[in-house]
Number of protein chains: 2
Amino acid sequence: MERPLLEDIRDRLDEFTATEKKAAHALMANYPVQGLGTVAQFAEAAGVSSPTILRFIGRLGFPGFAEFQKKLRSELESQLNSPLARSATLEDEQGGDPHVGQLLENVRETFAHLPRGELEGLIRLLADEKKTLHLIGGRFTDGLARYMAAHLRIVRSGVNHVAGQQGNWLDQLLGMGPKDVVLIFDIRRYQTEIVQFAEAAAKQGATVTLVTDSWMSPVGRIASFVLPARVAVPSPWDSSLALMAIAEVLIAGVTRENQQRAQERMQSLEILRNEIDPTTESRTTGPDV
Amino acid sequence: MERPLLEDIRDRLDEFTATEKKAAHALMANYPVQGLGTVAQFAEAAGVSSPTILRFIGRLGFPGFAEFQKKLRSELESQLNSPLARSATLEDEQGGDPHVGQLLENVRETFAHLPRGELEGLIRLLADEKKTLHLIGGRFTDGLARYMAAHLRIVRSGVNHVAGQQGNWLDQLLGMGPKDVVLIFDIRRYQTEIVQFAEAAAKQGATVTLVTDSWMSPVGRIASFVLPARVAVPSPWDSSLALMAIAEVLIAGVTRENQQRAQERMQSLEILRNEIDPTTESRTTGPDV
DNA sequence: GTCAGTTTGTAATGTTTGTTACAGGATTGC
DNA sequence: GCAATCCTGTAACAAACATTACAAACTGAC
């Protein structure tokens, strides 16, 4: 009664026969609505006969089609009454912005297809205080690099936001070596300067990592870690929201990875800040140091 | 076929007889699941007899119970397949990162409680080319101001990102008047410099607008438009993702509001860029000018 | 208080539906 | 290449279902 039926079907997909799988797929493709009609409708949609449907739901553990539907309805009921679903249905009822819907979908899809190892690996790399971090972004994504640098600087030392005139970049490139990690934000159209910077850094032995769109920046060829994000929205612009979500998860991850040191640094900074600007109201704990 | 049945029932509630209303209420209380079982189940849940249910759905305009259910199922199908609903239902299964779930929830809740008029009003204000725009953010949110400025600069003229040393701000403040619009990103803890900047700008007649967290920056007191966003996440940091989502919707809105001029500017910029840097591959259309 | 109109439930009905027995067909193992 | 097993669809069946006819109960008006 507790486990979602959809998961059960997915896990046990191999137990079914060939035509039963057709039934399973038809149901999953339009879950759970496909199971709420008649057996004949279900059978037609799956391209099989009615008895096959019955055998399918029998193998799932239901004594009859009626019980199967009852389970579907009760699942649907609790799902639709959850606060999360409520806000979702209420929104598009009263004309929720389709743009916002697409934004949410992008973030969700981005993390659904993000290789878990890549994310964890990059977090560990960024948390390594023996490395020096260099963050850089393109025309639009530089704000993200800046945002992330502002947080990481509080959590750890050796964080550098590569910004400003292109001429300055050369200075930063000069000292780079195996102890440096470069995190690049880059979406199309991929700026040649960024690519050149990445290539130069890699040539000097620095580890290059990349947060990009699904089409993948050319930097991806030389990067050790690549995190692709969805950017398409109903607008002439691409959306960087999913990139930002990745940035925030990275920030949280690095903070978690090095919790006690991060806290110490936060407190020291807090004290420093109060000494410099006593007008600012003080708080002993909290994030915004 | 298009209008949601739930609305129809709500509107026409007075047309029904007393017991039919009981049926209507039972359906609305557990919509649409209650209508997907048998007539007898529906009748029992509503505390009426089966024929009353039939008369009820007959009055709704359906020739029979089967057609009524068909309508419910098709409604449910399209609703569950919308990107909004998907993000709500799918995220908590397949063990997605709880942090990501919270991020999505924040964005959703933010827009659910955003006064529609405020958003539209602010977009119109930002789209007004007779005004000069000044964007400014705090320690962490300055990246957002930068991000938004980078886009708006392409869509329209007179966009200024107030950045750098605090001393420079004074210069920008000097010339301000009723023709200036200040858009401030500010989350706790609210920096006194930002508040001072806002107050000074307001005193000189500029329109002050604000994107902030739910606790509301003190700037809110003097702001003409205030858009609050959810920022809580399971991390010592606050999340600015919902602020960024607002920024992107604003960008898209301003672009839409002034489409032909934006396109002209994009093309001119494209040409300019190619003249300066011929190595960059050229595209005649597209966002990333 | 009575009558007309409306509303509601009971009970019967005809149909659709889920269900099952069975036979043809495919597949696998020897 | 044969046989045994498993899979799948056809067709018949019985139960559950939506549906309808009808009578009782209620309501409001005169």
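Predicted model only: the values in this text are computed from it and were never measured. Sequence lines set the chain letters: A, B, ... in the order given, protein chains first and strands last, and positions in each chain run from 1. We use all heavy atoms of the structure for the numbers below, so side chains are in, but hydrogens, waters and symmetry mates are not.
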Inset, instruction - Identify whether any heavy atom of A:S49 sits under 4.0 Å from a base atom; if not, whether one sits that close to sugar-phosphate; answer base, sugar-phosphate or nothing. - result: base

Legend entry - Gap between atoms CZ and P, on A:F65 and D:dC17 respectively (whole Å): 13 Å

Legend entry - Separation of C:dG9 P from B:K22 NZ (nearest whole Å): 7 Å

Inset, instruction - Kindly say whether A:Q41 contributes a backbone atom to a donor-acceptor pair with the side chain of A:T38 at under 3.5 angstrom? - result: yes

Inset, instruction - Report yes if at least one side-chain N or O of A:T19 is closer than 4.0 Å to OP1 or OP2 of D:dT8; otherwise report no. - result: yes

Inset, instruction - Tell me whether the OP1 or OP2 atom of C:dG9 has a side-chain N or O from B:S50 closer than 4.0 Å. - result: no

Inset, instruction - Check whether any side-chain heavy atom of A:L250 sits under 4.5 Å from a side-chain heavy atom of A:I123, and report yes or no. - result: yes

Inset, instruction - Kindly compute the distance separating CG (B:N30) from CD (A:E77), expressed to the nearest 0.5 Å. - result: 4.0 Å

Inset, instruction - Using whole Å, report how far CG of B:L54 lies from P of C:dA11. - result: 17 Å

Legend entry - Test item: A:T212 side-chain N/O and A:D186 main-chain N/O as donor-acceptor pair under 3.5 Å: yes

Inset, instruction - Between B:R55 and A:I57, just flag the one whose closest nucleotide in DNA chain C comes earlier from the 5' side. - result: B:R55

Inset, instruction - Calculate the interatomic distance between A:F16 atom CZ and D:dC7 atom P; express it in whole Å. - result: 13 Å

Legend entry - Integer-rounded Å distance: D:dT20 P and B:F56 CZ: 17 Å

Legend entry - Residue closer to the 5' end of DNA chain D, A:A18 versus B:P63 (nearest nucleotide): A:A18

Inset, instruction - Can you tell me the distance, in whole Å, between the CZ atom of A:F68 and the P atom of C:dT17? - result: 17 Å

Inset, instruction - Determine: side-chain N/O of A:T38 to OP1/OP2 of C:dT16, distance under 4.0 Å, yes or no. - result: no

Legend entry - Whole-Å distance separating the CD atom of B:E67 from the P atom of C:dT15: 16 Å

Inset, instruction - Please state how far atom CD1 in B:I53 lies from atom C1' in D:dC17, giving the value in whole angstrom units. - result: 15 Å

Inset, instruction - Can you label the angle between the A:F42 ring and the A:F65 ring as parallel, tilted or perpendicular, going by 30° and 60°? - result: tilted

